[in-house]
Trainee: 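So that we are looking at the same thing, I have put the structure below in structure tokens.
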Amino acid sequence: MEYTGSKYKGDWVEGCMEGQGVYTFPTDTKYEGDMKDGMFHGSGTLLFPNGSKYIATWENGYATQGKYIFQDGLEFDEDNWKYCDGYDRRFYTEICDGIKPAGRSQLTNRIPPREVPAGCYDCGDGFYNPNSRVILDYQLKFLRNADDDEHDWIVRTCRKGWDEVIGYRPTLQP
């Protein structure tokens with residue numbers, strides 16, 4: 001584990017992670033739960049650095065059933081997903097707390113929204129710099145390099161760290 005940057009604190013049986021334990025990945029994602037023969041096995045939860053989690057039943061390292069819960073408490077339901085679909089575009093906090101009055105826009109599900117560094121985009125799990133094509137997490141640690149498809153999606157879709165006039169702009173006479 002010292003070579004991968006991972007850590008484990010928990011029960012060992014004959015040199016293998018077995019029983020209850022906490023396995024920490026180099027990304028600070030943690031697994032808390034049952035282990036067997038060095039693999040996730042039984043009940044366990046993946047805890048992500050952004051505050052979301054995946055609670056599951058595991059078998060030989062694979063999740064056999066589980067549910068994903070976002071950091072704000074919203075549970076993902078693949079069969080009955082109604083959040084932010086084609087008909088209802090409200091943020092989860094707006095569903096729970098109501099829509100803000102006219103003139104007070106809610107830009108993200110987070111209140112207040114994160115300050116996006118100048119020249120960067122907020123891509124959902126961090127900040128993207130289109131010049132370097134690097135994505136840093138919200139603590140400004142390296143996450144990944146964006147490929148061409150991700151770059152195009154971020155530039156087309158995500159919130160910018162600067163203001164930009166859009167729509168009709170009349171020609172002004174001197």
Trainee: Does the pair Lys36/Glu18 count as a salt bridge with the N-to-O cut at 4.0 Å?
Mentor: no

Trainee: Whether the Tyr8 and Thr24 side chains hold a donor-acceptor pair (N or O, under 3.5 Å, no angle test) is what I'd like checked.
Mentor: no

Trainee: Got a sec, which residues hit side-chain hydrogen bond (donor to acceptor under 3.5 Å, both in side chains) with Thr64, two or more places apart in sequence or on another chain?
Mentor: none

Trainee: Is it true that Asp28 and Lys141 make a salt bridge, defined as a side-chain N closer than 4.0 Å to a carboxylate O?
Mentor: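 Here Asp28 pairs with Lys141 in a salt bridge, since their nearest N and O are under 4.0 Å apart.
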
Trainee: Listed by chain and number, what are the salt bridge (Lys or Arg N to Asp or Glu O under 4.0 Å) partners of Arg110, not counting sequence neighbours?
Mentor: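 Checked Arg110 against salt bridge (Lys or Arg N to Asp or Glu O under 4.0 Å); zero matches.
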
Trainee: Is the distance between the ring centroids of Tyr138 and Phe127 less than 6.0 Å?
Mentor: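 Yes, they do, as the ring centres are separated by less than 6.0 Å.
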
Trainee: Should we say atom CZ of Phe76 is surrounded by more than 12 heavy atoms from elsewhere, each under 6.0 Å from it?
Mentor: yes

Trainee: Give me the one residue out of Tyr23, Phe25, Trp58 that meets ring pair (Phe, Tyr, Trp, His ring centres under 6.0 Å) with Tyr31.
Mentor: Trp58

Trainee: Do Ser52 and Tyr68 meet the criterion of a side-chain donor-acceptor pair at a distance under 3.5 Å?
Mentor: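 The criterion, which ignores hydrogens and geometry beyond distance, is satisfied for Tyr68 and Ser52.
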
Trainee: Check this for me: does any side-chain nitrogen of one of Lys100 and Glu94 sit under 4.0 Å from a carboxylate oxygen of the other?
Mentor: no

Trainee: Using a 6.0 Å distance limit plus a 45 degree cone around the ring axis, check whether Arg159 lies over the aromatic ring of Tyr121.
Mentor: no

Trainee: With a 4.0 Å cut-off on N to O distance, would you call Asp148 and Arg133 a salt bridge?
Mentor: yes

